[in-house]
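Below, all heavy atoms of this structure are taken into account, side chains as well, without hydrogens, waters or symmetry copies. Below, chain A is the first sequence line, B the second, and so on; all start at residue 1.
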Amino acid sequence: MVVVRPPVQRMSSLFARTLREDPSDATIASHRLMVRGAYIRPLGAGIFSYLPLGWRTLRRIEQIVREEMDAIGCQELLMPVVHPSTLWERTGRFGSLGPELVRFKDRADRNMVLALTHEEIALDLAARLVGSYRQLPASVYHFQTKFRDEPRPRGGLLRTREFTMKDAYTFDPSPESLDATYRHFVRAYVRAFRRCGIEPLVVESDASAMGGSDADEFHAMTSAGEDTIVVCTSCDYGANQEVATTRPPDPDNAEPLPMEKVETPGHETITAVAGFLGLPAHRTLKAVFYWTGDQIAFVAIRGDLEVNEAKLRGTLGAPDLRLAADQELTAAGLVPGYASPVGIDQVTVVVDRSVECTSNLVAGANMPGFHLLNVNFPRDFAADHVADIAAVAAGDPCPKCGAALELRTGIEIGNTFKFGAYYSDKLDASFLSEGGSPQPIVMGSYGIGITRLAAAIVELHHDDHGIIWPASVAPYDVHLVQLGKAEVQEAAERLADDLEAAGLTVLVDDRDESAGVKFNDADLLGIPIRCTVSRRTVRADAVEIKLRHQDERGQVAAADAVARIRAEHDALVAALSPDAPLPDA
RNA sequence: CGGGGCGUGGCGCAGUCUGGCAGCGCGCAUCGUUUGGGACGAUGAGGUCGCGAGUUCAAAUCUCGCCGCCCCGACCA
């Protein structure tokens with residue numbers, strides 16, 4: 001077998017340029033450091049080139065994910081980025097997705113799309129290739145460029161329009177079989193993230209979109225994240241704030257009193273009304289109005305709570321929810337500031353469960369300057385929906401154990417989703433069961449944002465000087481700083497060759513730069529092990545070794561250097577153990 | 001899509017209010033001196049001041065229009 005080993009990479013010829021100063025448009029650490037360290041360069045909003053260093057890192061991340069996918073029997077393939085719209089029309093997404101789906105026409109005037117995910121294509125393949133239950137379960141994955149025309153790209157690789165995603169699709173004969181498959185994926189995901197240096201937080205996520213029954217998200221917990229996660233301070237409960245719940249408020253069981261109209265001139269907000277009447281906010285009823293696209297939804301919630309729009313969306317089945325404008329309220333006969341659910345028809349009324357268990361609330365009278373005392377549901381007004389639509393706040397009781405919940409921020413680096421037969425029904429994707437009858441394929445979908453994962457790793461692994469890559473994903477294993485020419489250069493080249501022969505990848509800084517520049521660049525690039533070869537070390541017949549994440553540096557005898565560095569490297573990788581007990585997902 | 005900010009050499013910025021030679025630091029090139037935490041000296045290259053109209057004797061600077069990028073929000077992996 002022919003093995004072609006590339007020559008040792010020298011900094012002098014690396015296709016890169018590190019920057020001394022932060023790029024002016026970068027605010028978060030990963031964005032700043034990846035641009036400064038010549039890992040990425042922007043081309044447009046949310047569109048990046050991956051320079052050689054960045055691409056090497058992405059490929060190492062990919063390889064870890066690939067190994068974990070292969071380990072659970074998922075098979076790699078590659079599906080196209082540009083699709084005819086046909087399948088997307090059959091599932092309805094060609095029409096239902098917004099402008100994030102890039103649509104265009106080919107020369108023959110056919111509708112085409114840039115894939116932002118691959119459910120349609122994967123399931124279509126499964127439908128064509130799988131005929132019998134004997135071929136199930138089956139699963140496939142690929143690493144592919146996705147394009148989503150995001151309304152607002154941000155934070156370097158944190159949220160881009162073009163990105164690389166590992167997406168996997170599973171096909172099972174039954175929901176029970178999918179449950180087992182799903183557990184394998186969750187386990188593989190946790191392993192993959194741990195090997196990349198991230199302890200993920202697995203939380204419940206919104207499964208309502210696209211008919212899913214169950215969904216989890218995997219988060220890298222850092223303040224740079226965009227998602228708010230609700231976690232229990234005592235038990236293992238965790239959920240995206242979009243779907244997080246708390247214990248229902250205790251019913252107050254107070255005797256309903258007769259309704260009474262009071263004058264409250266100029267008091268239009270909860271705080272103002274409560275203050276004026278000398279009542280706490282939780283004795284009031286807040287009215288919030290949303291426009292669903294074809295009608296107004298009147299949301300009644302206890303005055304001290306906020307509406308969770310994701311929950312409301314689910315309750316109403318209205319994906320395009322927004323707050324209603326005052327003119328829309330007036331047109332519907334409502335009085336902004338004094339709106340009341342009492343005596344209202346023509347609008348959909350959604351009542352939060354907090355209102356159901358609280359008596360004698362203060363609500364608007366639907367007349368300017370007046371409120372009603374002692375409003376009671378359902379005595380005084382009707383609801384189209386009674387549901388939990390309140391946003392969970394810090395300190396609320398955990399729905400599982402009752403301890404206080406807390407809010408944290410995270411970067412969503414992966415998600416898993418049970419679709420069931422949602423797409424299979426639309427695409428007619430079925431198999432013949434043991435009994436000989438056609439059954440819809442039971443589908444699951446699983447994503448890991450590879451480029452975002454790289455950003456998350458940097459967010460969690462950096463200091464003031466630069467990146468500190470986990471050894472598993474660093475672009476090179478060893479950063480060899482060569483301080484000098486002649487015999488120093490010879491020693492450095494010999495060491496580099498020996499390290500590579502020992503299976504390590506080496507970046508040699510052979511540039512004619514001052515030691516300070518080289519050390520600072522080494523810190524910036526973040527390769528886990530730094531070796532220095534200089535006149536000083538050559539004279540001592542030694543090599544200096546420093547780990548990026550530690551301050552101390554030490555010398556070892558030149559003869560022992562390779563073995564020592566190899567051992568340090570192996571220890572660093574071994575520390576990224578994927579085998580700790582899994583969090584209960 | 002709403003709000004805010006910014007577009008001047010490769011990078012970071014000043015100059016714009018008050019129109020009058022396009023500047024500074026870093027980087028880059030050549031030579032010399034340096035060489036363990038962002039060296040020093042000398043010389044030098046490099047800019048349609050985002051684009052297009054307009055006002056003016058004269059526009060980076062004033063006016064109008066457009067484009068791009070970043071941040072906050074809305075939204076989303």
Nearest whole angstrom, please: distance from the P of rG37(B) to the CZ of Arg553(A). 8 Å
Greater than 12 external heavy atoms within 6.0 Å of Arg154(A)'s CZ: yes
Given Gln63(A), Arg191(A), Lys166(A), Arg187(A), the one that forms side-chain hydrogen bond (donor to acceptor under 3.5 Å, both in side chains) with Glu68(A): Arg191(A)
May I ask you to check whether over 12 heavy atoms, not counting those of Arg511(A), lie within 6.0 Å of atom CZ? yes
Nucleotide-resolved protein contact map, nucleotides 38-45 of chain B, B/S/- at heavy-atom distance under 4.0 Å: BS------
At under 4.0 Å between heavy atoms, what does Glu100(A) touch on the DNA or RNA strands: base, sugar-phosphate, or nothing? nothing
Let me know the distance between CG of Leu101(A) and P of rA77(B), rounded to the nearest Å. 13 Å
Now, which nucleotide makes the Watson-Crick or G-U wobble pair with rC75(B), with each of the two distances under 3.5 Å? none
Taking the ring centre of each residue, are Phe15(A) and Trp55(A) less than 6.0 Å apart? no
Sugar-phosphate only, base, or nothing, as touched by Thr117(A) at under 4.0 Å among non-hydrogen atoms: nothing
Evaluate Phe193(A) against Ile413(A) for side chain to side chain contact (heavy atoms under 4.5 Å, CB included), listing each step before the verdict. CA-CA 9 Å; Phe193(A) 294 135; Ile413(A) 49 178; 3.6 Å; yes
Would you kindly compare Thr451(A) and Pro23(A) by the position of their nearest RNA chain B nucleotide and give the one closer to the 5′ end? Pro23(A)
The nucleotide from rA77(B), rC28(B), rC75(B) with an atom nearest the side chain of Glu513(A) is rC28(B)
Upstream residue (5' side of RNA chain B) when Arg152(A) and Arg41(A) are each assigned their closest nucleotide: Arg41(A)
Pick the C1' atom in rG19(B) and in rG54(B), then give their distance to the nearest Å. 15 Å
Any Lys/Arg nitrogen of Lys311(A) or Glu242(A) sitting under 4.0 Å from an Asp/Glu carboxylate oxygen of the other? no
Give none if rC21(B) has no partner; otherwise give the nucleotide forming a Watson-Crick or G-U wobble pair with it, both distances under 3.5 Å. none
Using a heavy-atom cut-off of under 4.0 Å over every strand shown, decide if Glu217(A) touches base, sugar-phosphate, or nothing. nothing
Taking a pair as Watson-Crick or G-U wobble with both distances under 3.5 Å, which nucleotide is matched to rC66(B)? rG50(B)
Under 3.5 Å, is there a donor on one side chain and an acceptor on the other for Asp216(A) and Tyr182(A)? yes
Check: Glu21(A) side chain, rG27(B) base, donor-acceptor under 3.5 Å: no
Look at the side chain of Arg154(A) and decide which nucleotide, out of rC71(B), rG36(B), rA77(B), has an atom nearest to it. rC71(B)
In whole Å, what separates the C1' atom of rG38(B) from that of rC11(B)? 15 Å
Let's see if you can work this out: which of rC69(B), rC71(B), rA77(B) has an atom nearest to the side-chain heavy atoms of Asp25(A)? rC69(B)
If I pick the P atom on rC13(B) and the same atom on rG50(B), what distance separates them, to the nearest angstrom? 15 Å
Verdict with reasoning, Glu67(A) to Arg195(A), per salt bridge (Lys or Arg N to Asp or Glu O under 4.0 Å): CA-CA 11 Å; Glu67(A) 287 169 12; Arg195(A) 290 178 61 190; 2.6 Å; yes
If you take the centroid of each ring, where Trp contributes its six-membered ring, are Phe419(A) and Phe417(A) closer together than 6.0 Å? yes
Footprint string (nucleotides 4-9 of chain B, 5' to 3'): B base within contact, S backbone only, - free, heavy atoms under 4.0 Å: ------
Base partner of rU16(B), which must satisfy Watson-Crick or wobble distances under 3.5 Å: none
So what does Thr537(A) touch, heavy atoms closer than 4.0 Å: a base, only the sugar-phosphate, or nothing? base
Ranking rG37(B), rG36(B), rA74(B) by distance to the side chain of Pro151(A), first place goes to rA74(B)
Could you work out the separation of rC26(B) and rU16(B) based on their C1' atoms and round it to a whole Å? 24 Å
Using a cut-off of 4.0 Å on non-hydrogen atoms, how would the nucleic acid contact of Arg17(A) be classed: base, sugar-phosphate, or nothing? sugar-phosphate
Applying a 4.0 Å non-hydrogen cut-off, can you work out what Arg530(A) is touching in the nucleic acid: base, sugar-phosphate, or nothing? base
Atom pair distance, as rounded to whole Å: CZ in Phe519(A) and P in rU35(B): 15 Å
Quick one: does any side-chain atom of Asp22(A) pair with a main-chain N or O of Ser24(A) as donor and acceptor, under 3.5 Å? no
How long is the line joining CD of Gln489(A) and P of rU35(B), in whole Å? 18 Å
Whole angstroms only, please: what is the CZ-P distance between Arg511(A) and rG27(B)? 12 Å
Expressed as a whole number of Å, how far does the P atom of rU61(B) sit from that of rA53(B)? 14 Å
What nucleic acid atoms does Gln482(A) come within less than 4.0 Å of, heavy atoms only: base, sugar-phosphate, or nothing? nothing
To the nearest Å, how far apart are Asp227(A) CG and rA74(B) P? 12 Å
Just checking Gly155(A): base, sugar-phosphate only, or nothing, at a heavy-atom cut-off of under 4.0 Å? sugar-phosphate
Which whole-number value in Å describes the distance from Leu158(A) CG to rC72(B) P? 10 Å
Using a cut-off of less than 4.0 Å, is there contact between a side-chain N or O of Arg313(A) and OP1 or OP2 of rC75(B)? yes
Using purine N1 to pyrimidine N3 plus N6-O4 or O6-N4 for Watson-Crick, or N1-O2 and O6-N3 for G-U wobble, both under 3.5 Å, which nucleotide pairs with rU35(B)? none
If I pick the C1' atom on rA42(B) and the same atom on rA60(B), what distance separates them, to the nearest angstrom? 32 Å
Are any of the side-chain nitrogens in Glu119(A) or Arg93(A) under 4.0 Å away from the carboxylate oxygens of its partner? yes
Lys485(A) atom NZ is separated from rU34(B) atom P, nearest whole Å, by 16 Å
Any side-chain N or O of Ser24(A) under 4.0 Å from OP1/OP2 of rC13(B)? yes
Have Asn240(A) and Ser205(A) got a donor and an acceptor in their side chains that come within less than 3.5 Å? no
Counter-base of rA42(B), judged by Watson-Crick or G-U geometry with both distances under 3.5 Å: rU30(B)
Base-pairing mate for rU61(B) - Watson-Crick or G-U, with both contacts under 3.5 Å: none
When you measure only distances, ignoring hydrogens and angles, does the side chain of Ser534(A) come within 3.5 Å of the base of rG36(B) through a donor and an acceptor? yes
Decide yes or no, distance alone: a donor-acceptor N/O pair under 3.5 angstrom between the base of rG12(B) and the side-chain of Asp22(A). no
Using the C1' atom as the point on both nucleotides, what is the distance between rA39(B) and rA22(B), in whole Å? 30 Å
Under 6.0 Å between ring centres: does that hold for His118(A) and His83(A)? yes
Between rG52(B) and rC57(B), how far is it from one C1' atom to the other, in whole Å? 23 Å
Would you classify Gly484(A) as touching base, sugar-phosphate or nothing, given that sugar-phosphate means primed atoms plus P, OP1 and OP2, and contacts are heavy atoms under 4.0 Å? nothing
So that I can tick it off, tell me whether Lys426(A) and Glu120(A) are bridged by a salt bridge, with the cut-off set at under 4.0 angstrom between side-chain N and carboxylate O. no
